[in-house]
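This report concerns only the one structure given below.
Just the heavy atoms: all of them, side chains too, but no hydrogens, waters or symmetry mates, feed the values below.
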Amino acid sequence: AMRLPPATAALAVALALLQLCHCFQPSPGPLAAGLRGGRAASMSKRPLVAPSPGALRSRSGAEVSFGSRRVGRSGVSLAMNMDTAPPAPAVQADRQVWGSAVAVGFKTISEGLEDAAERCKKQLGGAKPDVAFVFISSRYLEGRGGAQPASKSDLKAIIPKVQSLLGVRHVIGCTASGVLGTSEEDGSPEEFEDFKGVSLSAARLPNVSIQPFRLNAKDLPDAMEGKQEEWRTKVKGPPEADKPSFVVLSGQAFSATGELNKLISGLDYAYSSAVKVGGISSGMVPGGVFCSDFEGGCVDSDAVGLCLSGDIEIQPIVAQGCRPVGGLFEVVESKGNQVTMVMEIGKGKDSTPCTPMAALKEVLQGLDEKDVTLAQSALLLGIASNSFKTVTPQEDLGPGDFLIRQVVGVVVKDGAFVIGDLIKPGQRFRFHLRDKEAAVAEAEALFSTYKRSRLEAMMTGKPSNGASGVVMFACNGRGRSLYNEENYDSRMAYLSTGVPVVGMFCNGEIGPIGSETHLHGFTSVFAVFRQASAAKPSAPAPEES
């Protein structure tokens with residue numbers, strides 16, 4: 001194929017960006033107040049994937065097809081009957097244990113919860129859970145195909161239903177465009193996008209303090225002027241020395257007004273070293289978030305969360321699915337979320353300030369035709385999370401050091417870029433591209449690092465527990481639309497940890513980059529739960545006489 005001249009290629013990228021963001025406003029206010037990941041915060045606009053032909057008749061036991069999967073009464077594979085499955089192994093009373101299940105194809109939410117709860121209890125092996133995570137497909141809220149949408153009372157009944165089925169006190173969850181959980185077939189996770197589904201996970205967390213919280217815009221202190229203690233009181237958190245962790249779920253309306261960014265900043269202010277993970281509810285019909293201990297049912301204008309402290313650790317793994325191209329640049333001039341002048345680092349006297357468009361033109365000169373084409377639809381900026389980590393060698397900045405932000409618009413006259421976040425002079429960045437190959441390579445690298453750290457801990461005798469459960473918050477732009485296959489992210493987590501994986505497809509994901517927590521787009525955040533204290537050795541079995 002004929003290679004485009006750099007100037008022509010850069011213009012093609014700019015025109016493509018303008019077509020993608022034809023309604024952008026150059027002023028920083030609306031963009032900064034919305035989703036910092038650069039996506040529309042109101043709801044997902046990704047085209048819905050049509051389900052496989054044929055009606056779902058899960059309650060009758062008739063078999064239907066979900067791609068290569070066979071679905072029966074319980075909504076998952078018929079290949080294994082849980083009634084004949086071996087019982088869950090006995091677990092010490094002071095150890096964490098998780099159960100997870102996903103049920104699809106049921107006519108009502110209540111029926112799906114009943115099926116999923118039955119299988120969760122079998123996996124728990126008689127252990128009484130302390131907390132349950134519930135993710136409900138937003139398809140239940142739609143009237144597609146003449147179906148009767150779930151009512152507000154149906155959503156309000158989720159918490160007492162789960163509490164009754166599992167005997168659990170704390171319940172947290174939300175509606176989502178896709179859900180995932182443990183299948184019946186082989187214990188590995190299955191992801192269901194755009195299907196009526198219920199994902200349920202229950203965990204026994206001994207010696208862990210669980211404090212639910214629910215916040216709306218009126219509840220939030222000023223992120224910059226409020227006292228740390230004021231934030232800690234709002235989320236019912238302990239002193240920072242107790243090392244709490246947080247799981248946060250936000251309604252789409254709560255995020256769209258910028259309140260979620262304020263909440264994340266406030267949590268970082270009050271608990272700088274604490275792990276914070278979570279996501280924004282998603283779906284064509286907004287549902288919302290819900291949490292036990294609070295009245296009001298499922299609400300889209302609130303955020304809910306859990307403050308967890310005691311014998312528990314959460315290890316976050318953040319996969320942004322990108323690869324860098326070109327050199328490392330520094331922002332010379334900017335205004336709000338507009339970058340007007342940049343300069344490449346490491347060129348010495350040859351490095352002079354230029355517009356972002358001119359910098360892009362130079363980067364495109366070193367790319368092949370495939371990447372030049374990809375830049376027209378998947379151009380991103382990776383902003384260094386710590387601008388003081390290194391001065392010149394870009395190799396010192398790894399994938400986990402860049403916060404990925406979308407280029408949401410261009411100002412052709414000035415050669416400036418509009419970014420889906422605020423950016424300041426002195427910050428450094430690299431251009432990035434997102435595609436399947438980059439996402440696969442990053443996921444493999446991240447989980448290889450995780451497994452290597454676990455192996456090193458075992459070999460050196462360092463006290464460290466393996467994972468007990470994983471909660472995955474994946475962008476609704478990943479899954480099938482990114483990988484062209486099902487279950488890639490969730491099964492990668494399962495194969496690397498060997499524990500139940502549960503989760504949802506989000507309209508924005510919460511997780512750390514460097515020492516700060518951010519709201520991401522097109523990302524998967526894996527929250528790996530484990531016990532903080534070392535396991536006590538099991539008593540030896542008595543010898544047979």
Side-chain angles (χ1 to χ4, degrees), residues 88-100 120 123-133 168 170 172 181-182 187-189 201-211 238 240-247 271 273-278 306-319 400 443 445-473 489-503 511-512 524-541:
V91 180
Q92 295 180 19
D94 63 343
R95 307 310 296 169
Q96 292 183 9
V97 56
W98 286 61
S100 166
C120 274
Q123 296 172 45
L124 289 169
K128 183 179 179 181
D130 298 297
V131 65
F133 295 90
V168 62
H170 301 293
I172 187 173
T182 301
S188 64
S201 185
R204 182 182 69 185
L205 304 176
N207 303 314
V208 174
S209 170
I210 304 173
Q211 289 292 340
E240 189 169 13
D242 288 358
K243 299 180 179 180
S245 300
F246 295 87
V247 178
Y271 296 98
S273 61
V275 172
K276 303 101 182 170
V277 293
L306 297 176
C307 175
L308 306 168
S309 60
D311 193 10
I312 190 170
E313 294 176 349
I314 298 179
Q315 177 179 349
I317 298 176
V318 180
L446 287 170
F447 281 105
S448 291
T449 300
Y450 169 82
K451 290 185 287 186
R452 186 164 52 250
S453 66
R454 292 287 307 129
L455 181 61
E456 290 174 354
M458 289 173 15
M459 293 181 66
T460 58
K462 180 181 177 181
S464 177
N465 291 302
S468 54
V470 177
V471 183
M472 174 179 134
F473 303 96
D489 275 342
S490 58
R491 296 214 174 190
M492 177 66 74
Y494 173 72
L495 291 173
S496 301
T497 62
V499 298
V501 180
V502 65
S524 283
V525 175
F526 305 86
V528 183
F529 286 72
R530 66 164 56 93
Q531 205 146 355
S533 64
K536 297 178 181 178
S538 301

Residue pair Val208 / Asp130, side-chain heavy-atom distance below 4.5 Å | no
Expected output: side-chain Ser209 to main-chain Gly310 donor-acceptor under 3.5 Å = no
CD1/Ile314 to CG/Leu308 distance, rounded to the nearest 0.5 angstrom?
-> 5.5 Å
Is there a donor-acceptor pair under 3.5 Å between the side chain of Tyr271 and the backbone N or O of Pro238?
-> yes
Would you check if the side chain of Gln531 reaches a backbone N or O of Asp94 as a donor-acceptor pair within less than 3.5 Å?
-> yes
Going by the side chain to side chain contact (heavy atoms under 4.5 Å, CB included) test, name the single residue among Val470, Leu495, Val528, Thr182 that passes it with Val501.
-> Val470
Tightest non-hydrogen contact, residues Lys451 and Ser496, listed as CG-O, 3.8 Å
Indicate whether the side chain of Ser524 and that of Asp489 have a donor and an acceptor atom separated by less than 3.5 Å.
-> yes
Heavy-atom distance under 4.5 Å between the side chains of Val247 and Phe529, does that happen here?
-> yes
Identify the two heavy atoms, one from Ala202 and one from Pro129, that lie closest to each other, and give their separation to 0.1 Å.
-> CB-CB, 3.8 Å
Distance (rounded to the nearest 0.5 Å) between Glu456 CD and Thr449 OG1 = 9.5 Å
Can we call the ring centroids of Tyr450 and Phe526 under 6.0 Å apart?
-> no
Measure the spacing between CD1 of Ile312 and OG of Ser468 and express it to the nearest 0.5 Å.
-> 7.0 Å
Taking atom CD of Gln96 and atom CD of Glu313, what is their separation to the nearest 0.5 Å?
-> 9.5 Å
Report the residue from Val471, Val499, Leu124 that forms a side chain to side chain contact (heavy atoms under 4.5 Å, CB included) with Trp98.
-> Val471
At their closest point, which heavy atom of Thr497 faces which heavy atom of Ala467, and how far apart are they?
-> CB-CB, 4.1 Å
Between Arg204 and Arg95, which heavy-atom pair has the shortest distance, and what is it?
-> NH2-O, 2.8 Å
Any Arg491 side-chain heavy atom under 4.5 Å of Pro189 side chain = yes
Could you state the interatomic distance from CZ (Arg454) to CD (Gln315), rounded to the nearest 0.5 Å?
-> 9.0 Å
Quick one: pull up CG in Asp311 and CG in Asn465 and give me the separation to the nearest 0.5 Å.
-> 8.0 Å
